[in-house]
2 protein chains.
Amino acid sequence: MTTINDIAKMANVSRTTVSRVLNNGYASEDVRKRIMRVVEETGYIPSLSAKSLRTKKSGVIGVILPKISTETASRVVSGINEVVAKKDFQILLTDTELDKQKEIDYIRLLQSRHVDGIILLATNVNKQLTDTIEAAGLPFISLGQDLPGVTSIVYDDYHAASDVINMLVSHNHQKIAFIGVGEEDPSVGKLRRMGYLDTLTKYNLSIKEEWMAEGDFSIESGYECAKKIIKNSEGELPSAIFAVTDRMAIGAMEYLREQGFNIPDDIAVAGIGASTMSKHISPSLTTVDYFNKEAGEKAAQLLLAQMKKKKEKEKFIQTYRLIIRDSV
Amino acid sequence: MTTINDIAKMANVSRTTVSRVLNNGYASEDVRKRIMRVVEETGYIPSLSAKSLRTKKSGVIGVILPKISTETASRVVSGINEVVAKKDFQILLTDTELDKQKEIDYIRLLQSRHVDGIILLATNVNKQLTDTIEAAGLPFISLGQDLPGVTSIVYDDYHAASDVINMLVSHNHQKIAFIGVGEEDPSVGKLRRMGYLDTLTKYNLSIKEEWMAEGDFSIESGYECAKKIIKNSEGELPSAIFAVTDRMAIGAMEYLREQGFNIPDDIAVAGIGASTMSKHISPSLTTVDYFNKEAGEKAAQLLLAQMKKKKEKEKFIQTYRLIIRDSV
DNA sequence: ATTATATATGGAATCGATTACACAACCATA
DNA sequence: TATGGTTGTGTAATCGATTCCATATATAAT
């Protein structure tokens with residue numbers, strides 16, 4: 001490996017000058033040319049470890065995902081990347097596999113790698129997590145969960161869920177079942193469920209335990225939840241099922257189709273997420289678009305801004321859009 | 001930030017000892033305890049930039065993708081991550097957006113970041129690319145394209161395509177249309193097309209220009225290609241369409257459905273990729289599973305092996321599996 | 001001609017770790 | 001008691017950049 005010292009020697013200048021030329025180009029015409037020629041010839045690439053050690057900046061931003069291979073995650077990452085790549089930052093990717101200890105470990109790891117900032121897609125929210133973030137003292141953005149003390153971009157889960165119910169009611173549905181996830185996840189688990197419950201209450205519709213089931217984000221769990229709901233409510237079947245994610249909605253549709261139910265005539269289905277699939281299955285799935293990529297872009301922009309100038313915690317609510325399709 | 005020197009002072013030892021304790025734990029019981037206590041108390045995190053500068057190892061492996069937000073990419077990355085995370089490596093992610101210059105730039109960039117190895121999902125293959133790889137002198141794996149001089153994992157595109165045609169023929173299809181992509185992409189563009197053409201020839205089936213169209217991987221382009229094929233072949237419609245990717249196959253299905261064709265009775269459709277969607281649309285799509293995640297895992301394993309001990313170029317052919325579903 | 005100012009360059013410290021080498025203390029063996 | 005081997009610890013060089021400060025030269029102002 002050629003180093004800055006080699007270049008300096010070959011160009012007959014000090015390494016100080018080489019560094020300056022490469023960073024701001026400050027030098028006499030003559031010297032600059034001489035240096036650049038040597039750089040070209042040798043194919044010299046500066047060591048970013050050395051640079052980072054000295055400057056405390058790495059040009060890397062850390063992204064912590066709950067799970068890499070989901071459509072949401074990949075859209076968000078794509079949005080983030082689009083923004084940061086323009087400023088010559090790269091992304092260091094970590095995957096917690098939904099393990100809350102790893103969320104914390106990775107923050108510390110990224111810190112030790114001197115990343116310039118972190119974007120976290122949290123699933124669990126707890127004190128230890130926020131303490132670790134606090135201690136890291138890095139520019140930090142939380143996406144998808146509102147973290148105390150941390151600038152957050154959140155989806156409007158409550159109103160999105162609520163709007164889905166509004167829409168179902170306006171389609172004359174009175175008996176609406178629910179497929180949710182665990183409450184450790186404040187956004188998807190709690191808020192969406194609250195949106196569902198509160199809106200039913202608003203319309204004075206009955207809330208039945210038998211019409212509620214809890215899955216784990218997977219298509220299969222959606223299938224199982226639908227089965228459970230249908231089995232448990234022999235007397236009175238729901239006329240619609242609202243699943244808090246598209247994948248679970250799609251699993252539910254599969255079960256219903258298998259059982260000979262017509263969607264939407266016998267039972268309507270709605271999800272959240274605007275997955276590619278939702279558009280292309282049949283009947284196409286009514287869902288909520290959360291603009292994940294835009295959220296990723298926004299997160300990246302906020303992070304870059306925060307890297308320039310530390311700011312107070314802010315909270316941004318990402319807009320959403322209800323997409324009404326054939327499944328209702 | 002507390003440094004190793006701070007720890008040394010506080011524990012009343014030299015930084016050498018601190019380093020040793022933290023790396024191999026070599027020290028007397030007494031000293032070790034003293035140091036660990038201070039480490040705990042201060043929450044000391046060693047600087048990986050400094051470490052990397054000294055050791056020439058970063059614990060990071062670079063991944064270069066043609067496009068982040070595709071199912072293939074996210075499966076592969078997930079496979080890679082699963083393997084390398086176990087060995088405490090992280091992934092530095094870059095996205096070329098299908099730009100061949102960026103493929104080269106990113107290799108150099110990753111090199112300057114002292115990544116310990118690179119996994120590249122190339123789309124374009126050219127001399128400059130292989131030269132850059134050669135020059136980087138890093139452990140390197142190419143996934144999806146066979147790169148001269150570089151250990152590669154390739155999908156068996158030719159035979160996969162060929163098998164799709166075999167299967168269609170065995171379902172009594174004689175008139176098989178084709179939706180492909182550009183030939184700059186040796187694997188998807190060239191090999192899959194050759195598999196199609198050669199197999200038609202083998203069966204003595206006619207190859208018609210009107211039955212062939214070229215898309216760009218997107219669902220929309222699949223739709224357009226199907227339209228073009230149907231329009232151009234007024235006299236004699238094909239009885240099956242083979243698209244080289246699931247997304248294009250799904251686009252094609254959409255057009256056919258719109259036009260009132262029954263799938264598979266009027267026209268059968270097959271794709272490649274085993275996307276999640278292929279399983280859940282209706283009719284479910286016949287496709288080829290390339291085991292992308294496993295390919296990612298394999299790539300990671302090979303890379304780790306190569307990091308231990310430089311090896312000759314090898315070429316691995318990833319297995320595939322034909323999944324016959326309702327669309328044929 | 002002298003002083004002040006701008007411009008271009010180099011010297012040397014520094015960032016935070018690792019590691020080759022030296023050395024001291026201790027115990028065991030002959 | 002001298003010799004040698006272990007074991008534990010420290011000294012100092014090193015990795016490859018950046019950057020503060022000093023200095024030399026050229027140019028402008030008085």
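To find a chain, count down the sequence lines: A is the first, B the second, and so on, and within it residues start at 1.
For V13(A), the listed nucleotide lying nearest its side chain is dG10(C); candidates were dG16(D), dT9(D), dG10(C). The side chain of I4(B) lies closest to dG16(C) when the candidates are dG16(C), dG16(D), dT9(D). Listed nucleotides: dG16(D), dG16(C), dG10(C). Nearest to the side chain of R54(B): dG16(C). When distances are taken from the side chain of S19(A) to each of dT18(C), dT19(D), dT9(D), the shortest belongs to dT19(D). In this structure, of dC15(D), dT9(C), dA17(D), it is dA17(D) that holds the atom nearest to the side chain of T3(A). Closest to the side chain of P46(A), from the set dA17(D), dA20(C), dG16(C), is dA17(D). Nearest to the side-chain atoms of T16(B) among the listed nucleotides dT9(D), dT11(D), dA17(C) stands dT11(D). For A50(A), whose side chain is taken as the heavy atoms from C-beta onward, the closest listed nucleotide among dG10(C), dG10(D), dG16(D) is dG16(D). Nearest to the side-chain atoms of R20(B) among the listed nucleotides dA17(C), dT9(D), dC15(D) stands dT9(D). Nearest nucleotide to the side chain of Y26(A), out of dG16(D), dT7(C), dA12(D): dT7(C).
A salt bridge is absent between D185(A) and K190(A): the closest approach of a Lys/Arg side-chain nitrogen to an acidic carboxylate oxygen does not fall below 4.0 angstrom. Of the charged side-chain nitrogens involved, at least one lies within less than 4.0 Å of a carboxylate oxygen, so that R32(A) and E29(A) count as a salt-bridged pair. Comment: E97(B) engages K102(B) in a salt bridge, judged by a side-chain N to carboxylate O separation of less than 4.0 angstrom. Salt-bridge annotation for K86(A) and E82(A): absent, with no side-chain N of the basic residue lying under 4.0 Å from a carboxylate O of the acidic one.
Rounded to an integer number of Å, the gap from CG of L48(B) to C1' of dG16(C) is 11 Å. The CG atom of L53(B) sits 11 Å away from the P atom of dT18(C) (whole-angstrom rounding). Following rounding to the nearest Å, K57(A) (NZ) and dT18(D) (P) show an atom-to-atom distance of 14 Å.
No engagement by N5(A) is indicated, since no non-hydrogen atom pair under 4.0 Å with the nucleic acid exists.
Under 3.5 Å, the side chain of R15(B) and the base of dT18(C) form at least one donor-acceptor pair of N or O atoms.
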